[in-house]
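Below is one structure; the comments refer to it alone.
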2 protein chains.
Amino acid sequence: MRILTHPSRDGLQIDTVLAALADPVRLMIVKQLANADAAQACVSFDLPVSKSTSTHHFRVLREAGLIEQQYCGTSINSTLRREDLDRRFPGLLQAVLNAS
Amino acid sequence: MRILTHPSRDGLQIDTVLAALADPVRLMIVKQLANADAAQACVSFDLPVSKSTSTHHFRVLREAGLIEQQYCGTSINSTLRREDLDRRFPGLLQAVLNAS
DNA sequence: ACGGTACTACGACGCATTTCGTAGTACGTT
DNA sequence: AACGTACTACGAAATGCGTCGTAGTACCGT
């Protein structure tokens with residue numbers, strides 16, 4: 001329960017990334033992260049689902065390589081992997097964030 | 001069996017578009033369409049699934065607004081809705097096509 | 001040590017999606 | 001009219017996904 005694994009930048013797959021973004025709840029998370037200046041604890045997100053469902057979605061995002069999560073006390077701080085995403089799939093993140 | 005309905009450009013939803021792109025078979029179709037100079041009949045696609053499954057995926061793409069399909073004899077010619085997509089979600093299609 | 005907070009693991013349920021085969025329709029050709 | 005081609009509709013099976021509750025772990029504060 002101490003180490004969270006993340007895929008490397010070169011390991012990001014377009015299929016996985018698109019699938020991760022294709023869920024409305026996860027899209028909310030990504031948008032809230034994009035608008036945040038600092039890292040956010042999971043608990044600070046405003047999501048219309050239960051705690052365990054949140055955990056599930058954060059895990060999907062992390063395993064797809066969209067966010068980075070690290071422990072900080074009892075919390076987990078999440079950040080958007082902007083730079084890695086922009087390098088690997090230029091324009092993708094911005095296009096999704098601009099939408100709607 | 002004559003008229004195929006397509007969503008309007010303003011009716012395109014980012015969730016639906018991303019979900020449509022998140023399937024490997026459908027991504028193949030989109031890529032093959034992007035590389036084609038002219039409209040393609042469904043039969044000319046090289047896909048690792050059965051005929052009825054192809055029909056299903058083409059329908060999903062059409063209903064998401066990614067492709068346009070029109071009857072042409074016994075065939076259906078499909079084209080990518082590049083312009084509509086670029087207007088509605090600038091940069092998205094290109095980013096996906098560039099990936100991998 | 002105790003309690004509280006933040007998150008996870010697990011199992012379960014319901015629903016959507018992917019897949020296919022079969023049967024059928026529409027159209028062109030002979 | 002008869003046939004072949006291209007695609008669709010429908011139903012069925014398998015799989016996957018989103019959702020949740022419960023029980024549990026890890027950490028911090030008192």
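Lettering follows sequence order; numbering is per chain, from 1.
- In this structure, T55(A) reaches the dT8(C) phosphate: one of its side-chain N or O atoms is under 4.0 Å from OP1 or OP2.
- dT25(D) atom P lies 17 Å from atom CD1 of I76(A), rounded to whole Å.
- Atom pair I3(B):CD1 and dT8(D):P shows a separation of 15 Å (rounding to whole Å applied).
- Both V25(B) and L18(A) are part of a single hydrophobic cluster, where members link through side-chain heavy atoms under 4.5 Å apart.
- Counting to the nearest Å, the C1' atom of dT18(C) and the CG atom of L61(B) are 14 Å from each other.
- Applying the 3.5 Å distance criterion, the base of dG21(D) shares a donor-acceptor pair with the side chain of S52(A).
- Of the two residues near DNA chain D, S54(A) and C72(A), the one whose nearest nucleotide lies more 5' is S54(A).
- Between S50(A) and dC20(D), a side-chain N or O to OP1/OP2 separation shorter than 4.0 Å is present.
- A donor-acceptor contact shorter than 3.5 Å links the side chain of R62(A) to the backbone of T5(A).
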Legend entry - Chi angles and distances behind the side-chain contact (heavy atoms from CB on, under 4.5 Å) call for D84(B), F89(B): CA-CA 8 Å; D84(B) 286 339; F89(B) 307 119; over 6 Å; no
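- Atom pair F58(A):CZ and dG18(D):C1' shows a separation of 16 Å (rounding to whole Å applied).
- The local environment of CG in D46(B) is sparse, with at most 12 non-hydrogen atoms from other residues, nucleotides or ligands closer than 6.0 Å.
- Put simply, the side chain of R81(B) does not reach to within 4.5 Å of the side chain of I67(B), judged on heavy atoms.
- Look at NE2 on H56(A): it is 12 Å from P on dT8(C), rounded to the nearest Å.
- Distance, D15(B) CG to dT17(C) P: 13 Å, rounded to whole Å.
- Among the nucleotides dC7(C), dC7(D), dT19(D), the one closest to the side chain of V43(B) is dC7(D).
- Per the geometry, NZ belonging to K51(B) stands 15 Å off C1' belonging to dA23(C), to the nearest Å.
- When the local axes at the two ends of the helix from dA1(C)-dT30(D) to dT30(C)-dA1(D) are compared, using 5 base pairs at each end, they differ in direction by 20° after rounding to 10°.
- When the nucleotides dT19(C), dT19(D), dA6(D) are ranked by their closest atom to the side chain of T74(B), dA6(D) comes out on top.
- For dG18(D), the base has no donor-acceptor partner in the side chain of T53(A) [N/O atoms by modelled type, under 3.5 angstrom].
- In summary, the side chains of Q40(B) and S78(B) do not present any donor paired with an acceptor at a separation below 3.5 Å, with no hydrogens or angles considered.
- Summarising the geometry, the separation between CG on L4(A) and P on dC7(C) is reported as 11 Å, rounded to the nearest angstrom.
- Side-chain proximity of H57(B) to dA6(C), dG28(C), dT18(C): nearest is dT18(C).
- Dashed line: the shortest gap from a side-chain N or O of R26(A) to OP1 or OP2 of dG18(D) is under 4.0 Å.
- For the atom pair CG (L92(A)) and CG (L21(A)), the distance works out to 6.5 Å, reported to the nearest 0.5 Å.
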